[in-house]
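Below you'll find the structure, written out as structure tokens, and then a few comments.
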2 protein chains.
Amino acid sequence: MRLSTQSRYGVRAIFDIAYHSGGLGAQVKDISRRQGISQRYLEQIFQKLRRAGIVGSKRGPSGGYFLSKKPEQITVGEVIRITEGGINPVLCVNPDDSAKPCARSGGCVTQIVWNEAGKRLNDYFDSVTIKDLCQLAKEMGMKKDFDKRFMYYI
Amino acid sequence: MRLSTQSRYGVRAIFDIAYHSGGLGAQVKDISRRQGISQRYLEQIFQKLRRAGIVGSKRGPSGGYFLSKKPEQITVGEVIRITEGGINPVLCVNPDDSAKPCARSGGCVTQIVWNEAGKRLNDYFDSVTIKDLCQLAKEMGMKKDFDKRFMYYI
DNA sequence: CCATTCTTTATAAAAATTGTCAAGATAGTT
DNA sequence: AACTATCTTGACAATTTTTATAAAGAATGG
């Protein structure tokens, strides 16, 4: 039972924007540096997030990605579903994926268990918002690393 | 977030013995046929289950695998942990796996979320026993397919 | 016009999963 | 003792998924 790297990175990226840039937007370059994630790989993940409408983007100098909703309106579950394509523990319980219907559907007791597990997982992930993560980070004393664009050099 | 095939097959195999053979033991050949799982692959999974002590084995004609505990004493969580090697959603929260320590451990807010999710999943899987599955199967009207060894040919 | 940044698509490397093969050990049967 | 059915073990191969990397393109701001 494992969460994909894209999901973990996706949640961290969204959190990073919310925490370090205060919703103003951040560049892939900086997020990459702060989170230690390959820039190219991060770009792929952001495309998914952008198409899903969870972030917006702006090209050119001083461009970047920004949250299109407030941190308290974005849940961890939402980000995971976008980057991972569902939180179901097994494919046969995913109603969307009719391409691979389980042969023993209807006579499969374990399916009921996987289904319930997926439901519980979804419920939990949906109960955690990005704002919650920011609050946690603050309590842990994580330093905010504001973007250099907002700094004045004396 | 997906459960590995070995875990799913493992749970189904244990359930199969409990349901169809009533704890008397069953052969890989029959379990393979009933569950539609490759015989060779199933053998691999049974080795894990045997080493973990959840099933016993007997070689030779009329040999096979049998549960070494009662169905109500075996939980789905137990089987999954054996076949999957832990239910933690991400590696960095697994205390055993110190080989890949997360660089930002201690300063990682998402880790807290993954940890809690894993805990909840474990709790749920531990709350479901093999006997529960058998009861479910009975309620669903699943036919029992007793081993031919116990049949009389007239 | 130019540098910077996102966009898109293709592709490659790595890892994990899934499955197969084959030789051997053990137990029961004849 | 010979024979057969079954588990045992380790090696290995195929497939899929994950995790990236590369490169050409488009938009933006200065």
Side-chain angles (χ1 to χ4, degrees), chain A residues 1-10 12-13 17 21 24-33 35-52 54-66 68 80 83-86 88-91 97 99-100 147-149, chain B residues 1-10 12-13 17 21 24-33 35-52 55-66 68 80 83-86 89-91 97 99-100 147-149:
Chain A
M1 196 77 184
R2 255 194 15 242
L3 214 52
S4 78
T5 308
Q6 289 218 1
S7 288
R8 288 182 284 123
Y9 286 2
R12 272 167 58 193
I17 296 180
S21 301
L24 282 169
Q27 294 177 353
V28 170
K29 195 174 55 178
D30 294 317
I31 301 172
S32 161
R33 174 177 48 80
Q35 297 293 328
I37 300 170
S38 147
Q39 193 169 328
R40 306 267 195 188
Y41 195 37
L42 209 45
E43 279 168 354
Q44 265 185 63
I45 298 168
F46 267 114
Q47 289 313 310
K48 286 190 184 179
L49 296 169
R50 187 182 59 82
R51 288 194 202 100
I54 209 171
V55 300
S57 62
K58 198 180 166 190
R59 290 199 262 205
S62 79
Y65 290 99
F66 52 89
S68 45
I80 294 179
T83 49
E84 186 133 358
N88 292 313
V90 308
L91 291 178
D97 190 13
K100 268 191 179 179
D147 205 294
K148 281 167 189 158
R149 284 178 294 164
Chain B
M1 197 76 184
R2 257 193 16 240
L3 213 52
S4 78
T5 308
Q6 290 219 0
S7 288
R8 287 182 286 123
Y9 286 2
R12 272 166 56 194
I17 297 179
S21 302
L24 282 169
Q27 294 176 354
V28 170
K29 195 175 53 176
D30 293 317
I31 301 171
S32 160
R33 175 178 48 78
Q35 298 293 327
I37 302 170
S38 147
Q39 193 169 328
R40 306 268 194 189
Y41 195 36
L42 210 44
E43 279 167 355
Q44 266 184 61
I45 298 169
F46 267 113
Q47 289 314 309
K48 287 190 183 180
L49 296 170
R50 187 182 59 82
R51 287 193 203 102
V55 299
S57 61
K58 197 181 167 190
R59 292 200 260 202
S62 78
Y65 290 99
F66 52 89
S68 46
I80 294 179
T83 48
E84 186 132 357
V90 307
L91 289 178
D97 190 12
K100 267 191 180 179
D147 205 294
K148 283 166 188 157
R149 285 177 295 164

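Chain A is the first sequence line, chain B the second, and so forth, proteins listed ahead of strands; every chain is numbered from 1. All heavy atoms count here, side chains included; hydrogens, waters and symmetry mates do not.
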Quick one: does A/S32's side chain have a donor or acceptor within less than 3.5 Å of a partner on A/I37's backbone?
yes

Taking the minimum atom-to-atom distance to the side chain of B/V28, which one of D/dT9, D/dC7, D/dT6 wins?
D/dC7

N/O (side chain, A/S57) to phosphate O (OP1/OP2, C/dT5) under 4.0 Å:
no

Return the value, rounded to whole Å, for the distance between atom CD of A/Q27 and atom P of C/dT7.
12 Å

Once rounded to the nearest 0.5 Å, what's the spacing between atom CD1 of A/I31 and atom CG of A/L42?
6.0 Å

Value for CD (B/Q6) from CD1 (B/I45), rounded to nearest 0.5 Å, stands at 4.5 Å

Who pairs with B/S68 by side-chain contact (heavy atoms from CB on, under 4.5 Å), at least two apart in sequence or on another chain?
none

I need the B/E43 CD to B/R50 CZ distance, nearest 0.5 Å.
12.0 Å

Distance below 4.0 Å between B/K29 side-chain N/O and D/dA5 OP1 or OP2:
no

Taken to the nearest 0.5 Å, the spacing of A/I54 CD1 from A/I17 CD1 works out to 10.0 Å

Whole angstrom is fine here: how far is it from CZ in A/R51 over to C1' in C/dT7?
8 Å

Please list, by residue number, the residues of residues 39-49 of chain A whose heavy atoms come closer than 4.0 Å to an atom of DNA chain C; answer none if no residue qualifies.
A/E43, A/Q47

For B/Y65, enumerate each residue passing the side chain to side chain donor-acceptor pair (under 3.5 Å) test, keeping only those at least two apart in sequence or located in another chain.
B/Q47

Report yes or no: does B/S21 contribute a side-chain atom to a donor-acceptor pair with the main-chain N or O of B/L24 at less than 3.5 Å?
no

What one-letter contact string describes nucleotides 25-30 of chain C from 5' to 3', where B marks a base within less than 4.0 Å of any protein heavy atom, S marks contact via sugar-phosphate atoms alone, and - marks no contact?
BBBS--

Strictly below 4.0 Å: does B/R50 bring a side-chain N or O up to OP1 or OP2 of D/dT9?
yes

Does A/S38 have a side-chain nitrogen or oxygen under 4.0 Å from the phosphate oxygens OP1 or OP2 of D/dT21?
yes

